[in-house]
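Shown next, in structure tokens, is the structure this report addresses.
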2 protein chains.
Amino acid sequence: MQNSEALALTAALLAAAGDLTQRINDGVQARGFEGRPAYGFAFARLAPDGATVTELAAHLGVTKQAASQLVDELVRKGYAERRAHPVDARARLVVLTERGRKCTRAAEEAAADAVRAWVEVLGEGEVRVLCDRLARIAPYGPLRPTW
Amino acid sequence: MQNSEALALTAALLAAAGDLTQRINDGVQARGFEGRPAYGFAFARLAPDGATVTELAAHLGVTKQAASQLVDELVRKGYAERRAHPVDARARLVVLTERGRKCTRAAEEAAADAVRAWVEVLGEGEVRVLCDRLARIAPYGPLRPTW
DNA sequence: ACGTATTGGTCAAGTTGCTTGACCATCATC
DNA sequence: GATGATGGTCAAGCAACTTGACCAATACGT
């Protein structure tokens with residue numbers, strides 16, 4: 001594999017990820033929710049059982065201060081709320097509101113729409129294989145916000 | 001394909017791209033060049049024959065003001081210089097210096113190193129197929145800097 | 001040829017989303 | 001129960017982008 005190919009691969013990955021992210025965000029807004037792409041990834045972590053600010057920070061790959069600011073935004077816009085943590089009085093459990101869950105579903109729908117275009121080009125099997133390959137390569141490091 | 005899979009695919013793409021980008025940047029710095037990831041993508045556009053600020057802006061997916069600021073940085077650090085454009089007196093042709101070309105090669109080497117880890121997991125054929133798939137999906141939209 | 005609109009580029013100021021640093025409250029360990 | 005680690009917030013700073021205003025040179029329509 002030549003060196004220039006490696007750079008091109010990176011560029012292609014970034015372009016694909018950026019394209020998807022943009023489409024999803026547009027789709028979420030078209031469904032009547034305001035927000036930025038980071039919301040979706042925060043939702044993914046909060047949806048099952050909620051999370052603390054520190055856990056969220058680790059998931060997103062940012063400082064806990066940045067995560068706390070993001071939670072401020074989510075609370076202000078009615079997507080999440082801070083509750084007392086059941087076992088640790090220092091911590092606060094951030095959970096989605098009903099509106100937050102609705103927005104999560106909107107994001108998932110938008111993501112499905114965006115990927116559908118890919119499926120039409122590559123076929124469902126190919127896309128599934130693509131997922132599989134990526135999962136083996138980048139096994140859940142934090143999502144890094146910048147290139 | 002389920003909705004939640006689509007979001008997970010996006011997350012995986014972002015994680016993979018972010019991981020690669022970080023590794024490349026680290027590799028470039030380890031080779032003695034200072035810079036940020038955007039440099040590499042700028043170099044890729046400048047390397048063949050140079051480019052105008054406006055062309056660079058389109059390639060990176062930012063405003064021409066932002067591109068101009070990036071060029072300022074590149075010039076200040078000795079990687080590029082602004083020349084008179086051969087046919088258009090308004091425009092200025094941004095070209096790499098010798099140091100800029102050295103840094104470009106360092107970036108390509110670092111990218112190859114980063115991808116090598118992938119090749120060991122997936123095999124060269126798989127990685128090549130991956131490149132191919134991505135190229136068919138995201139045929140050179142601009143590189144978007146944020147998620 | 002000439003006025004008008006467009007294009008390439010820069011300067012200036014504002015915004016956003018992150019960071020580092022300081023700090024308090026609570027927990028864990030001994 | 002003192003001591004250090006951990007969860008969280010407040011505050012200030014910064015990097016990289018944006019929008020807006022502007023000038024110089026080109027392209028177009030007549």
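Order of the sequence lines sets the chain letters (A, B, ...), proteins ahead of strands, with each chain counted from 1. Scope of the values below: all heavy atoms of this structure, side chains included, with no hydrogens, waters or symmetry mates.
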Does the side chain of [X] get closer than 4.0 angstrom to OP1 or OP2 of [N] through an N or O atom?
| X | N | answer |
| --- | --- | --- |
| Arg82(B) | dT10(C) | yes |
| Arg90(B) | dT10(C) | no |
| Thr54(A) | dG8(D) | yes |
| Arg36(B) | dA15(D) | no |

Just call it for [X]: base, sugar-phosphate, or nothing, with non-hydrogen atoms closer than 4.0 Å on any strand.
| X | result |
| --- | --- |
| Ala91(A) | sugar-phosphate |
| Thr52(A) | sugar-phosphate |
| Ala89(A) | sugar-phosphate |

- prompt: Who else is in the cluster with Leu93(A) when I, L, V, M, F, W and Y are joined by side-chain contacts under 4.5 Å?
  reply: Val95(A)
Distance-only donor-acceptor test, Glu55(A) side-chain atoms vs dG7(D) base atoms, 3.5 Å: no
message: Would the base of dT18(D) count as contacting Gln69(B) through its side chain, where contact means a donor and an acceptor less than 3.5 Å apart?
response: yes
Output the single nucleotide from [options] whose closest atom is nearest the side chain of [X].
| X | options | result |
| --- | --- | --- |
| Asp88(B) | dT10(C), dG8(C), dG17(C) | dG8(C) |
| Ala66(A) | dC18(C), dG9(C), dG8(D) | dC18(C) |
| Gln65(B) | dT19(D), dG8(D), dT26(C) | dT19(D) |

Rounded distance in Å - CZ (Arg76(A)) to C1' (dG17(C)): 13 Å
- prompt: Looking at Asp19(B), Asn25(B), Thr21(B), which hits side chain to side chain donor-acceptor pair (under 3.5 Å) with Arg23(B)?
  reply: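 Of the listed options, the one satisfying the test is Asp19(B).
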query: Should the pair Tyr79(A) and Phe33(A) be assigned to parallel (<30°), tilted (30 to 60°) or perpendicular (>60°) ring geometry?
result: tilted
task: Taking the side chain as every heavy atom from C-beta outward, state whether Arg36(A) and Leu70(A) have any pair of such atoms under 4.5 Å apart.
output: yes
